[in-house]
Amino acid sequence: MSRHEFDVVVLGGGSGGYAAAIRASELGKKVALIEKDKVGGTCLHRGCVPTKALLHTAEIADHVREAAAVGVNASLTGFDPARMTAYREGIVAKKYRGLQSLLSTRGITVVAGEGRLSADRSVIVGEDEYAGADVILATGSQTRSLPGIEVGGRVLTSETALTLDTVPGSVVVLGGGVIGVEFASAWRSLGVDVLIVEALDRLLPAEDAASSKALERAYRKRGIRTALSTRCEGVSQREDGVAVTLSDGAVVEADYVLVAVGRGPVTDGLGLDEAGVTRDRGFVVVGDDLQTSVPHVWAVGDIVPGLQLAHRSFQQGIFVAERIAGLAPVAVPESTIPRVSYSHPEVASVGLTEEQARAAHGDRVAAYEFNLAGNAKSEILGTAGFAKVVRIVDGPVVGVHLVGDRVGELITEGQLAIGWEAHPEDIAPFVHAHPTQSEALGEAFLALAGKPLHTV
């Protein structure tokens with residue numbers, strides 16, 4: 001067995017892994033990055049990037065349908081699945097080449113193969129051993145399923161849904177979280193009959209209740225059906241479709257079913273237990289500094305309990321690389337990490353929901369919701385929704401919640417307000433360009449500061 005020595009060995013080349021590798025290299029470390037598939041991971045190849053490309057295709061379809069309303073004569077005559085796929089794959093390929101070039105330029109040794117952690121801070125890949133003064137675990141997550149439901153054939157995951165070579169006629173989506181509502185939105189724009197089945201009593205149950213209600217209203221108007229407080233009891237496949245049995249006794253026929261009930265950590269079979277790394281329900285247990293139970297072995301991204309978001313993984317990878325290099329980076333709390341569902345309309349948030357804020361602070365909470373009907377740019381875009389800000393009375397902003405097309409581009413302002421513990425009175429003097437959707441946030445801050453402008 002050949003042994004290779006490095007300062008840092010990173011197991012997993014997804015968002016968290018490659019961010020850690022790049023930052024460690026910038027800080028002068030000799031780095032090996034081990035990846036069994038392609039660097040970029042799920043996000044680049046089978047998740048964030050291709051699904052948002054699909055959603056953009058869906059957005060274009062909606063624009064064509066609505067073109068006459070703004071004086072453009074256009075008609076939607078159909079879809080070309082092969083060209084839709086080529087468009088998505090072209091974007092992914094370009095970003096993949098860019099990432100490969102970046103890693104090469106940084107002098108990072110990329111090892112293709114499946115790694116296994118050993119007890120002496122090394123990773124075994126085939127007949128080779130990659131030893132590091134520090135090891136970073138970044139193996140990501142995989143699709144979960146439901147008991148008794150076998151994925152395959154016409155039972156899709158978010159990853160296999162992207163490989164379809166046709167636009168389905170009908171789909172049942174199991175799960176009303178981010179993945180479920182995004183695919184439901186895209187498919188509906190492509191003319192698919194969609195039913196979302198969610199065991200809890202609302203879509204996007206982790207979001208503010210007002211955001212959930214707004215999305216449900218929008219989906220009803222779009223013809224997306226929902227079965228809330230309803231469980232899937234079973235799925236049977238046949239050659240030309242599926243039959244989904246629900247907890248209320250209904251049996252729903254469709255062309256496909258999408259299992260979108262969340263993702264679980266990829267930590268089995270990696271030698272973690274044997275190496276002394278503590279796990280809990282598959283997730284790696286870490287301290288505030290993201291170090292595992294084994295000194296100099298760290299974990300980042302989806303294998304660490306918390307939000308499963310690519311940008312969280314990026315931040316954690318950078319944080320750990322800087323800790324290894326002896327710097328003192330500031331940990332970013334989960335409460336200041338923005339969340340976006342790229343549905344139509346989009347749902348974006350950061351910080352506490354109003355319910356969470358009241359549970360923590362009681363009556364010392366004030367919230368204001370500015371309707372996008374009062375925002376000129378939103379009216380131009382033809383989108384409905386709101387900007388909601390939650391604050392502590394005479395204190396800082398603790399939650400920002402947005403619903404509407406393109407509002408995901410605004411959430412960083414909310415993150416800055418919460419991260420800097422700004423009071424609405426601090427933000428009210430700042431000018432938002434007119435006409436922009438950012439004015440809606442400005443109006444909410446103004447209202448909470450006691451000087452509303454375009455509202456009574």
Side-chain angles (χ1 to χ4, degrees), residues 42-43 46-59 61-62 141 143-144 146 156-162 164 167-168 170-232 244 246 252 254 256-263 307-310 338-350 353 383-386 388 401-409 411:
T42 296
C43 178
R46 301 172 298 279
C48 316
V49 175
T51 56
K52 277 52 183 181
L54 174 64
L55 283 157
H56 183 62
T57 296
E59 181 183 33
D62 287 332
S141 61
T143 300
R144 291 186 188 274
L146 293 169
L156 307 172
T157 66
S158 59
E159 298 177 5
T160 58
L162 290 170
L164 289 178
V167 176
S170 56
V171 180
V172 174
V173 177
L174 303 182
V178 175
I179 295 173
V181 300
E182 287 186 352
F183 269 95
S185 182
W187 274 326
R188 185 58 188 154
S189 295
L190 299 179
V192 180
D193 179 32
V194 181
L195 169 67
I196 303 175
V197 178
E198 169 56 49
L200 298 180
D201 61 357
R202 56 191 175 97
L203 298 181
L204 297 180
E207 295 293 342
D208 191 272
S211 298
S212 295
K213 291 177 182 177
L215 184 66
E216 289 163 14
R217 286 195 299 270
Y219 274 20
R220 282 194 297 270
K221 289 181 66 175
R222 295 183 59 198
I224 298 174
R225 296 176 293 130
T226 60
L228 305 177
S229 301
T230 304
R231 299 181 308 278
C232 173
V244 182
L246 305 181
V252 182
Y256 293 91
V257 61
L258 171 68
V259 180
V261 293
R263 298 180 63 84
L307 297 170
Q308 293 182 320
L309 300 168
R339 309 173 295 273
V340 183
S341 298
Y342 296 89
S343 47
H344 170 40
E346 290 183 353
V347 177
S349 64
V350 62
T353 66
T383 187
F386 60 77
K388 178 177 180 177
H401 306 275
L402 307 170
V403 177
D405 291 341
R406 305 186 187 181
V407 297
E409 303 295 336
I411 198 59

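We're numbering straight along the sequence, starting at 1.
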ask   = What are the two closest non-hydrogen atoms of Ile196 and Gly175, and how far apart are they?
value = CG2-O, 3.7 Å

ask   = Tell me, do Tyr219 and Val181 make a side-chain contact under 4.5 Å, heavy atoms counted?
value = yes

task = Could you grab the distance from atom CG of Leu203 to atom OG of Ser212, nearest 0.5 Å is fine?
result = 7.0 Å

note = Note: Pro168 and Trp187 closest approach over all heavy atoms is CD-NE1, 4.1 Å

key: Value rounded to 0.5 Å, distance of CD1 in Ile411 from CG in Leu402   = 4.5 Å

key: CZ (Arg231) with more than 12 external heavy atoms under 6.0 Å   = no

query = So which heavy atom on Ala209 is nearest to which on Arg202, and how close?
reply = CA-NH1, 3.5 Å

remark   = To the nearest 0.5 Å, atom CD of Glu207 lies from atom NE2 of His401 at 7.5 Å

Distance-only donor-acceptor check, side chains Arg222 and Ser189, under 3.5 Å = yes

inquiry  = Could you report the tightest heavy-atom contact between Val192 and Val167, atom names first, then the distance?
reply    = CG2-CG1, 3.7 Å

key: Sequence-distant partners of Glu346, salt bridge (Lys or Arg N to Asp or Glu O under 4.0 Å), two or more places apart   = none

key: Distance (rounded to the nearest 0.5 Å) between Leu215 CG and Ser343 OG   = 5.0 Å

ask   = Under a 4.5 Å cut-off applied to non-hydrogen side-chain atoms, are Thr42 and Ser141 in contact?
value = no

key: Test applied, side-chain contact (heavy atoms from CB on, under 4.5 Å); reference residue, Leu174; option that passes from Leu258, Val257, Leu195, Leu156   = Val257

task = Report yes if some heavy atom in the side chain of Leu55 is under 4.5 Å from a heavy atom in the side chain of His344; otherwise report no.
result = no

Ser341/Leu204 under side-chain contact (heavy atoms from CB on, under 4.5 Å): CA gap, chis, key distance, verdict = CA-CA 9 Å; Ser341 298; Leu204 297 180; 3.6 Å; yes

task = Please tell me if the side chains of Phe183 and Leu54 come closer than 4.5 Å, counting only heavy atoms from C-beta onward.
result = yes

query = If you measure from OG1 on Thr51 to CD1 on Ile179, what distance do you get to the nearest 0.5 Å?
reply = 8.5 Å

request  = Dump the intermediate steps for side-chain contact (heavy atoms from CB on, under 4.5 Å) on Glu216 and Thr226, then the final yes or no.
outcome  = CA-CA 8 Å; Glu216 289 163 14; Thr226 60; 5.6 Å; no

ask   = What distance separates Tyr256 OH from Thr160 OG1, expressed to the nearest 0.5 Å?
value = 10.0 Å

query = Arg217 versus Lys213: any side-chain heavy-atom pair under 4.5 Å?
reply = yes

inquiry  = When you compare the side chain of Val244 with that of Val197, does any pair of heavy atoms fall below 4.5 Å?
reply    = no

remark   = Between Val173 and Ala184, the two heavy atoms sitting closest are CG2-CB, 4.5 Å

ask   = With a 4.5 Å heavy-atom cut-off, do Val407 and Pro345 have their side chains touching?
value = no

remark   = On a heavy-atom basis, the closest approach of Pro338 and Leu309 is O-CD1, 3.6 Å

inquiry  = Run Glu182 and Ser158 through side-chain contact (heavy atoms from CB on, under 4.5 Å) and show every step you take.
reply    = CA-CA 10 Å; Glu182 287 186 352; Ser158 59; over 6 Å; no

